[in-house]
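To keep things clear, I will list the structure first and then write my remarks on it.
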Amino acid sequence: MDIDERVRARLAAETRFRDVRWLAEVDSTNRVARDIGDPWTVVVADHQSAGRGRLGRSWEAPAGTALLLSVVLAPGGLPLQRVHLLTAAVGLAAADACAEVAGVRPALKWPNDLLVGDGKLAGILAELVTTEPLVVVVGMGLNLTAAPAGAACLSEGSPGLETTRDDVLLALLENLDRRLAGDWDGLAADYRQRCATVGREVRVEALDGTVRTGRAERIDRAGRIVVSFPPGGREEVIDAGDVHHLRVASGR
Ligand code: BT5
């Protein structure tokens, strides 16, 4: 379904997201956004035939059951080393949107998931377009009325409440607009405070397939996670790969 005119009008009046494109069917909104490439363009689709996850994985959602969007971000003043903060900004904006429109408070799992309980409500995929100037396409799939087995959707967290895709879209982009105002230290601090991975025992899978268990200590100012590994608790900054939550670490 096309995006409500009132939502488009509010976004155009109040945010930098003045060009919101809707497509019924697409391979991947990230692919389309990347091809368009103009800063602050937003692409929304009802269905993706080849939705992308990270590391070659796929994202699946039946038509009309999810918010599937990609935004072209061109955050002047953000150094490339801090690019993870864009994923953090979208995660925080989406979590705040879920709270505002549906009363659901998802947890943020580093680097790119929103969880309700143990179920994945949303996933984020950031893809670098250019480094100078820094342009990044950030896509998100957020389950509204259906979810794969073991995953979560927004409607089950707020039974009886009629939350539409456009309510979530508007709230998300309004929050994202504020998050991108240039206070990168404030953004990192907010993400550090809200990230549910911090303080937990985690299994870290590196891109080369190495698997280790450690404790997530903190988020650094670039949005990366710092994990301590036994024996001795030597700390390492983790920049990429997968992090899985294990049991809650003792002492916190
Ligand atoms: C992600 O990857 O979580 C990033 C997903 C980004 C999807 C959006 S949709 C709009 C935009 N356009 C695109 O083409 N992509 C973005 P990752 O962390 O790799 O997680 C992928 C894994 O999540 C899959 O391997 C499945 O196990 C699981 N998964 C797939 N579909 C899901 C869904 N609808 N809900 C919950 N989990 C899902």
Side-chain angles (χ1 to χ4, degrees), residues 3 17 20-37 41-73 83-84 86-95 97-98 104 106-129 136-157 165 168-169 172-173 176 195-197 202-207 209 223 225 238-245:
I3 294 154
F17 301 111
V20 184
R21 319 249 180 126
W22 170 80
L23 298 154
E25 169 85 30
V26 71
D27 52 348
S28 154
T29 56
N30 263 37
R31 198 274 302 158
V32 174
R34 205 189 171 101
D35 284 358
I36 296 171
T41 305
V42 180
V43 177
V44 178
D46 284 358
H47 187 236
Q48 297 183 122
S49 55
R52 302 179 193 158
R54 293 179 310 133
L55 311 170
R57 293 184 290 242
S58 63
W59 188 259
E60 311 278 349
T65 65
L67 171 60
L68 306 168
L69 92 161
S70 298
V71 288
V72 184
L73 302 181
V83 70
H84 275 315
L86 298 178
T87 301
V90 172
L92 284 164
C98 291
V104 172
L108 293 165
K109 173 175 169 282
W110 190 90
N112 70 318
D113 291 350
L114 271 68
L115 304 180
V116 174
D118 289 334
K120 182 155 165 168
L121 174 74
I124 303 168
L125 173 67
E127 295 181 300
L128 195 60
V129 181
V136 180
V137 167
V138 185
M140 162 172 271
L142 192 154
N143 302 320
L144 296 172
T145 55
C153 64
L154 198 61
S155 61
E156 72 192 6
R165 176 200 65 187
V168 184
L169 177 71
L172 192 160
L173 292 175
L176 183 59
C195 178
T197 307
V202 289
R203 191 171 78 245
V204 179
E205 291 178 21
L207 295 180
I225 199 158
I238 309 290
D239 193 10
D242 281 319
V243 166
H244 302 275
H245 288 175

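As the structure is a prediction and not an experimental result, all values here were calculated from the model. Start at 1 and go down the list; that is how both ligands and their atoms are numbered.
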- line: Ranked by distance from atom 31 (N) of ligand 1, the top protein heavy atom is E60 N, 3.1 Å
message: For P148, which part has a heavy atom under 4.0 Å from ligand 1: side chain, backbone, both, or neither?
response: side chain
field: Top protein contact for atom 19 (O) of ligand 1, by heavy-atom distance
entry: R57 NE, 2.7 Å
- prompt: In terms of atom number and element, which parts of ligand 1 are under 4.0 angstrom from non-hydrogen atoms of S28?
  reply: 12 (N), 13 (C), 14 (O)
statement: In terms of heavy-atom contacts, V168 and A97 come closest through O-CB, 4.0 Å
task: Please report the closest heavy-atom contact between R54 and P111, naming both atoms and the distance.
output: NH1-CG, 3.8 Å
field: Where ligand 1 meets G51 - atom numbers and elements under 4.0 angstrom, heavy-atom basis
entry: 14 (O)
message: For atom 15 (N) of ligand 1, what's the nearest protein heavy-atom neighbour? Residue, atom name and distance, please.
response: R52 O, 2.8 Å
W59 side-chain N/O to M140 backbone N/O, donor-acceptor pair under 3.5 Å: no
statement: atom 26 (C) of ligand 1 sits nearest the protein heavy atom S58 O, 4.2 Å
message: So if I count the atoms of ligand 1 from 1 in the order they appear, which ones are less than 4.0 Å from some heavy atom of S70?
response: 11 (C), 12 (N)
message: Can you name the atoms of ligand 1, numbered from 1 with element, that are less than 4.0 Å from a heavy atom of N143?
response: 33 (C), 34 (N), 35 (N), 36 (C)
statement: Per-atom filter on ligand 1: closer than 4.0 angstrom to a heavy atom of G123 are 3 (O), 4 (C), 5 (C), 6 (C)
task: Report yes or no: do N30 and S70 form a side-chain donor-acceptor pair below 3.5 Å?
output: yes
query: If we only count heavy atoms from C-beta on, is the L108 to L114 side-chain gap below 4.5 Å?
result: yes
- request: Distance to 0.1 Å, residue and atom name: give those for the protein heavy atom nearest to atom 9 (S) of ligand 1.
  value: Q48 NE2, 3.3 Å
- prompt: Under 3.5 Å, is there a donor-acceptor pair between the side chain of T197 and the main chain of W110?
  reply: yes
task: Distance to 0.1 Å, residue and atom name: give those for the protein heavy atom nearest to atom 5 (C) of ligand 1.
output: W59 CE3, 3.5 Å
message: Under 4.0 Å from a heavy atom of G141: which atoms of ligand 1 are those, numbered in the order shown and with their elements?
response: 7 (C), 8 (C), 9 (S)
task: Verify whether one side chain among H84 and D239 offers a donor that lies under 3.5 Å from an acceptor in the other.
output: yes
- request: Would you mind checking which non-hydrogen protein atom is closest to atom 20 (O) of ligand 1, with the distance to 0.1 Å?
  value: K120 NZ, 3.0 Å
Full working for salt bridge (charged side-chain N to carboxylate O under 4.0 Å, His left out) between R57 and D242: CA-CA 12 Å; R57 293 184 290 242; D242 281 319; 2.9 Å; yes
- prompt: Would you find a donor on one side and an acceptor on the other, under 3.5 Å apart, between the side chain of D46 and the backbone of A24?
  reply: no
message: Please list the nearest protein heavy atom to atom 4 (C) of ligand 1 with its residue and the distance rounded to 0.1 Å.
response: I124 O, 3.5 Å
field: Per-atom contacts of ligand 1 with T29, taking only distances under 4.0 Å to non-hydrogen atoms
entry: 10 (C), 11 (C), 12 (N)
field: Check: T29 main-chain N/O paired with Q48 side-chain donor or acceptor under 3.5 Å
entry: yes
task: Answer side chain, backbone, both or neither: which part of N112 comes under 4.0 Å from ligand 1, heavy atoms only.
output: side chain
task: Using a distance threshold of 4.0 Å (strictly less than), state whether atom 2 (O) of ligand 1 has a protein heavy-atom neighbour.
output: yes
field: Proximal atoms of ligand 1 relative to L69 (non-hydrogen, under 4.0 Å)
entry: 10 (C), 11 (C)
- prompt: Do NZ/NE/NH1/NH2 and the carboxylate oxygens of R52 and D27 come within less than 4.0 Å?
  reply: no
- prompt: Got T41 and V71 here, is their nearest side-chain heavy-atom distance under 4.5 Å?
  reply: no
